[in-house]
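A short write-up of the structure that comes next.
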Amino acid sequence: MGLRHPHRSRNRTAQSILLMGPTLVTPDHLPVGGRGLTLTATLGGRLGQRANTSDLCFDVATLIGHASTLTALQPGDLITTGPPGGALNRPLEFGQSLHSAIKGLGDIDTDFTAAQGT
């Protein structure tokens with residue numbers, strides 16, 4: 001959500017475009033406020049990001065509060081954010097593999113391929 005730059009909210013929330021998995025967890029599986037989770041992203045075997053949710057610009061309660069001003073939240077809704085910091089800072093290319101992990105929760109590999117017929 002674009003709290004600092006509202007124009008970004010629309011860019012980051014396109015309907016039907018969201019990679020998730022392999023696990024979704026409920027708040028009772030997280031530290032209080034979602035703080036203290038280490039996130040890593042490795043692109044092509046090279047560490048591109050290491051960050052911690054304690055470094056988010058806004059705490060979880062603030063994010064939920066802002067989201068609720070934009071839409072009516074329902075049970076099961078997901079609220080996504082950008083990275084807490086240290087983004088990959090390079091474009092993803094077809095043929096690359098991105099390994100994303102949240103320490104203690106899980107990890108996922110995403111291969112970037114062109115759609116058939118393109």
Side-chain angles (χ1 to χ4, degrees):
M1 295 183 306
L3 291 177
R4 289 191 179 168
H5 305 284
H7 65 280
R8 291 185 183 171
S9 290
R10 185 173 295 156
N11 295 341
R12 293 182 178 181
T13 56
Q15 289 184 349
S16 77
I17 302 173
L18 180 61
L19 299 173
M20 292 186 308
T23 304
L24 293 177
V25 298
T26 56
D28 57 312
H29 289 91
L30 299 174
V32 175
R35 296 282 191 192
L37 298 170
T38 300
L39 314 163
T40 57
T42 305
L43 184 61
R46 191 170 128 207
L47 183 65
Q49 177 182 26
R50 175 184 237 78
N52 192 286
T53 55
S54 295
D55 298 327
L56 287 168
C57 295
F58 301 97
D59 63 22
V60 173
T62 300
L63 295 172
I64 293 170
H66 179 68
S68 70
T69 68
L70 301 172
T71 189
L73 296 175
Q74 301 295 321
D77 283 350
L78 298 172
I79 299 172
T80 61
T81 70
L88 290 170
N89 292 324
R90 58 183 181 269
L92 303 174
E93 298 177 7
F94 294 129
Q96 290 183 312
S97 180
L98 176 67
H99 180 82
S100 304
I102 301 177
K103 187 176 181 179
L105 294 181
D107 63 325
I108 189 168
D109 291 306
T110 306
D111 295 322
F112 294 89
T113 59
Q116 289 184 331
T118 59

Test of understanding: with side-chain hydrogen bond (donor to acceptor under 3.5 Å, both in side chains), list the residues that count as partners of Thr69, not counting sequence neighbours. none

Residues in side-chain hydrogen bond (donor to acceptor under 3.5 Å, both in side chains) contact with Ser97, at least two apart in sequence or another chain: Asp111

With sequence neighbours excluded, tell me which residues meet side chain to side chain contact (heavy atoms under 4.5 Å, CB included) with Thr26. Asp28, His29

Holding to side chain to side chain contact (heavy atoms under 4.5 Å, CB included), I want the full list of residues that pass it with Gln74, two or more places apart in sequence or in another chain. Ala72, Asp77

To the nearest 0.5 Å, how far apart are NE2 in His66 and CD1 in Ile64? 13.0 Å

Show the atom names and distances, to 0.1 Å, of all donor-acceptor pairs under 3.5 Å that link a side chain in residues 33-40 to residues at least two apart or in another chain.
from, atom 1, to, atom 2, distance (Å)
Arg35, NH1, Thr53, O, 3.1
Arg35, NH1, Ser54, O, 3.0
Thr38, OG1, Asn52, ND2, 3.4

State, to 0.1 Å, how close Leu98 and Phe112 come at their nearest heavy-atom pair, and which atoms those are. CB-CE1, 3.7 Å

Which heavy-atom pair separates Leu73 from Ile79 by the least distance, and what is that distance? CD1-CD1, 4.3 Å

The criterion is side-chain hydrogen bond (donor to acceptor under 3.5 Å, both in side chains); which residues satisfy it with Asp107, sequence neighbours excluded? His99

Roughly how far apart are Arg46 CZ and Gln96 CD, rounded to 0.5 Å? 10.0 Å

